[in-house]
Amino acid sequence: MNSQNLYIYNSISKSKEKFSPIHADVVGMYVCGPTVYSNVHLGNCRTFLSFDLVFRYLKHLGYKVRYVRNITDAGHLENDGESGDDPILKKARIEQLEPMEVVQKYTVDFHTTMAKFNALPPSIEPTATGHIAEQIKIVEKIIAEGFAYEKNGSVYFDVLKFNEINKYGKLSGRNLEDMIANTRELAAQSEKKNPQDFALWKKAEPQHIMRWPSPWSDGFPGWHLECTAMSTKYLGNKFDIHGGGMDLKFPHHECEIAQAEACNHESPVNYWMHANMLTLNGKKMSKSTGNFILPNEMFSGENNILSKPFSPTVTKFFMYQAHYRSILDFSNDALEASEKGFNKLMDSYRMLSEMKISQFSESTGKSSIDVAFWRKACYNAMNDDFNSPILIAHLFEVVKFVNSLKEGKDTITETDLHLLQKTLHDFLFDVLGLQDIASESSQDSQKLISAVELLIQLRNQARANKDFSTSDKIRDELASKGIQLNDGKDGTTFSLN
RNA sequence: GGUAUCGUGGCCGAGUGGCUAGGCUCAGCUCUGCAAAAGCUGCUACAGCGGUUCGAAUCCGCUCGAUACCUCCA
């Protein structure tokens, strides 16, 4: 296994650390999933695709990974005060649906979208509403440990008390004294002892439909609780990796740490990973501000931002050309650049796959390309905190290899050719999870392909007869319909625009 | 206001004390009936000002600018 050399940037230590799982060869990973009250936008997708890369690479290294990603179907309160609104309930009112119909609708949208991106489903995808009993147990435990108090049927986590024994804020680099000093004007009348306290259980207002019985009231769980309940249930009190979007670092993940430590007296997670935001017009994509683009708008091209549609795999390739911890700005130009690069890479992949060693066997029996060194460089890139942009830069070196092999400028041995083919395939499809869209064609498109090939034949006959007006007509008419002919040394191929 | 992060060539984006990322664009060339496509070659940047160092885009300080979190958001 190459795993000895994997380094992961740990948000809590702010440094790259050698990855060493609790149990050799087995990895437990938890990632905060979506709140299903609206369609996932592209920014949401970026985070899940970042962790899909992590999941795929760990598996590629030979780890058995249990990947848990929750579905938040209970809704958080938009404001922490008593007048808060639950986005799922709000949406149910607007769309005149049962809350669970809202949840179902957007869960399905999430799954189909991730499938289009060819993201692997997690091992377990638990829902918050399916784990109310577990959440209540945790609240009871935290109360028993003395770090929570009940007020009017609601239960709050006592951050000040917790901070006496265990520093609150270590993930986000905040310190409680500063936070208290900088508290904005106090909410008029809060049940909380301190503004920093957060709800573990909320008593439901009469109009609140999503409610469950508990020892304290008919109500619903606080918004940080589900992740603690479900991560520890499926991965244990201490597990390897916890991931999520950068925007969840505080307060969500900070509160998760506090809850788990209050219960179990140990830090729940060894490696905290945070994926950075996808921005649009230099600003974070966000549901509430309306600054976002939906995946389907990408794929159809029906939007004001893009000049044309972009496929899911090109979109993903674009994202992976930036490191997951960097902010990535979304733009039409950047997408177009990625698409061209992607197509070039896939063309080379196809050419390489079709190469037979007999083409080079008359050579000296030596490779002039150091395949093993190149392969190592690819692994080094991924081992350095999943550096997909560096990996992709190395994959582009294959474009040069393939061209110079074709031109006979380089030689390769059979062993090296197979290694090159396999390594490229593994990284392209297993690790990055890309799809070769051009070679995936249905029976119908097969028929169209043969029709175009017939036209190519006719055109080449015309060219042979120097009947250039006919040949140019075929070429130009096809081009106007989005079919572009490419004349090469070995004949004419075509591509779709 | 507090806490972080970041500022790289025409664009997107890596990296990091000394050796050229990569992609796209652009220019020149090769190929081609012409074009397109493809290939080859070229384009040496790191916000500003100081400091440390034999040497900094990379470390330190300040200034300016941007973003994120501090209210739900991946």
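Chain identifiers are assigned alphabetically (A, B, ...) following the order of the sequence lines, protein sequences preceding nucleic acid strands; residue numbering begins at 1 within each chain.
- Within the nucleic acid shown, A:K340 comes within 4.0 Å of sugar-phosphate atoms alone, with no base atom in reach, counting heavy atoms only.
- Set against B:rC24, B:rG15, B:rG13, the side chain of A:N387 has B:rG15 as its closest nucleotide.
- Distances shorter than 4.0 Å separate none of the side-chain N or O atoms of A:K283 from OP1 or OP2 on B:rA66.
- The pair A:K284-A:D247 meets the salt-bridge criterion, since a charged nitrogen lies less than 4.0 angstrom from a carboxylate oxygen.
- At B:rA74, one or more side-chain N or O atoms of A:T35 fall inside 4.0 Å of OP1 or OP2 (strictly under the cut-off).
- Here the nucleotide nearest the side chain of A:F250, chosen from B:rA74, B:rA37, B:rC70, is B:rC70.
- You'll find that the side chain of A:F396 is closest to B:rG22, out of B:rG33, B:rG22, B:rG13.
- The CZ atom of A:F117 sits 15 Å away from the P atom of B:rA74 (whole-angstrom rounding).
- The partner of B:rU30 is B:rA38, judged by Watson-Crick or G-U wobble contacts that both fall below 3.5 Å.
- Residue A:L328 is classed as a sugar-phosphate contact, given heavy-atom separations below 4.0 Å to backbone atoms only.
- Contact check on A:E95 versus A:K91 returns a salt bridge, with a Lys/Arg side-chain nitrogen under 4.0 Å from an Asp/Glu carboxylate oxygen.
- Counting to the nearest Å, the P atom of B:rC72 and the NZ atom of A:K202 are 12 Å from each other.
- Phosphate contact (OP1/OP2 of B:rC70, side-chain N/O of A:S172, threshold under 4.0 Å): absent.
- Taking atom CZ of residue A:F386 and atom P of nucleotide B:rA14, one finds them 16 Å apart after rounding to whole Å.
- With hydrogens and angles left out, the side chain of A:S286 and the base of B:rC73 share a donor-acceptor pair within 3.5 Å.
- If you check every strand for non-hydrogen atoms under 4.0 Å, A:A275 touches nothing.
- The partner of B:rG17 cannot be assigned: no Watson-Crick or G-U wobble pair with both contacts below 3.5 Å exists in any strand.
- A:L485 comes within 4.0 angstrom of a nucleotide base, judged by non-hydrogen atoms across all strands.
- Rounded to whole angstrom, the span from the NZ atom of A:K170 across to the P atom of B:rA4 amounts to 17 Å.
- Between B:rA47 and B:rG42, the two C1' atoms lie 28 Å apart (nearest whole Å).
- Taking only distance into account, the side chain of A:D487 never meets the base of B:rA38 through a donor-acceptor pair shorter than 3.5 Å.
- Base-pair partner of B:rG55: not found among the strands shown (Watson-Crick or G-U wobble, both distances under 3.5 Å).
- Taking the nucleotide of RNA chain B with the nearest heavy atom to each of A:R459 and A:K409, the more 5' of the two is matched to A:R459.
- Side chain of A:D197 to main chain of A:N194: a donor-acceptor pair is present (N/O by atom type, distance under 3.5 Å, no hydrogens or angles).
- Pairing for B:rC62 goes to B:rG48, judged as Watson-Crick or G-U wobble with the two contacts each under 3.5 Å.
- Backbone-only contact: A:G282 has heavy atoms under 4.0 Å from sugar-phosphate atoms and none from a base.
- Looking at heavy-atom distances under 4.0 Å, A:G488 makes no contact with the nucleic acid at all.
- Rounded to a whole angstrom, the distance from the P atom of B:rG55 to that of B:rG18 is 14 Å.
- The ring pair (Phe, Tyr, Trp, His ring centres under 6.0 Å) search around A:Y320 returns none, not counting sequence neighbours.
- In the region residues 467-477 of chain A, proximity to RNA chain B at under 4.0 angstrom, judged on heavy atoms, holds for A:F468, A:S471, A:D472, A:R475.
- Between B:rA36 and B:rG28, the two P atoms lie 12 Å apart (nearest whole Å).
- Of the possible donor and acceptor atoms, one in the side chain of A:T112 sits under 3.5 Å from a partner among the backbone N and O of A:D109.
- Distance check on atom P: B:rC19 versus B:rU44 gives 15 Å, rounded to whole Å.
- For the C1' atom pair drawn from B:rG10 and B:rU25, the interatomic distance equals 7 Å after rounding to whole Å.
- Nearest nucleotide to the side chain of A:N44, out of B:rA74, B:rG23, B:rG39: B:rA74.
- When atom types are taken as modelled, the side chain of A:Q435 and the backbone of A:V314 share no donor-acceptor pair closer than 3.5 angstrom.
- Across the C1' atoms, B:rG9 and B:rC43 are found 9 Å apart, a figure rounded to whole Å.
- A salt bridge does not link A:K308 to A:E336: none of the charged nitrogens lies less than 4.0 Å from a carboxylate oxygen.
- Shown here, B:rA68 forms a base pair with B:rU3; the pair counts as Watson-Crick or G-U wobble because both key distances fall under 3.5 Å.
- The pairing partner recorded for B:rC24 is B:rG10, the criterion being a Watson-Crick or G-U wobble arrangement whose two distances lie under 3.5 angstrom.
- Considering only side-chain N and O atoms, A:N403 lies under 4.0 angstrom from the phosphate OP1 or OP2 of B:rG39.
- Electrostatic pairing of A:R350 and A:D347 counts as a salt bridge here, judged by a charged N lying under 4.0 Å from a carboxylate O.
- Side-chain rings of A:F310 and A:F342 stay apart, their centers remaining 6.0 Å or farther from each other.
- The distance between atom CD1 of A:I327 and atom P of B:rA68, rounded to the nearest whole Å, is 7 Å.
- Residue A:E407 is classed as a sugar-phosphate contact, given heavy-atom separations below 4.0 Å to backbone atoms only.
- Checking A:F330 against A:H252, the closest nucleotide of RNA chain B that is more toward the 5' end is the one next to A:F330.
- Closest heavy-atom contact between A:Y156 and A:A199: CD2-CA, 3.7 Å.
- Distance, A:F198 CZ to B:rU71 C1': 16 Å, rounded to whole Å.
- A close approach under 4.0 Å does not occur between any side-chain nitrogen or oxygen of A:K249 and OP1 or OP2 of B:rA4.
- Looking at heavy-atom distances under 4.0 Å, A:R174 makes contact with a base.
- Per the geometry, NE2 belonging to A:H41 stands 12 Å off C1' belonging to B:rC72, to the nearest Å.
- Among the nucleotides B:rA4, B:rC70, B:rC40, the one closest to any side-chain atom of A:K14 is B:rA4.
- Here A:K344 reaches the OP1 or OP2 of B:rC24: one of its side-chain N or O atoms lies under 4.0 Å away.
- Look at the P atom in both B:rG7 and B:rA14: the space between them is 9 Å, to the nearest Å.
- Among the protein residues, A:A334 comes within range of the sugar-phosphate backbone only, with heavy atoms under 4.0 Å from sugar or phosphate atoms but none that close to a base.
- Ion pairing between A:R463 and A:D467 fails under the 4.0 Å rule for side-chain N and carboxylate O.
- A distance of about 41 Å separates the C1' atoms of B:rU32 and B:rC46, rounded to the whole Å.
- In this structure, A:R69 fails the cation-pi test against A:Y30, since its NZ or CZ atom is not both closer than 6.0 Å to the six-membered ring centre and inside 45 degrees of the ring normal.
- Atom CZ of A:F110 and atom C1' of B:rC73 are 14 Å apart (whole Å).
- Side-chain proximity of A:A393 to the nucleotides B:rA4, B:rC12, B:rG22 is greatest for B:rG22.
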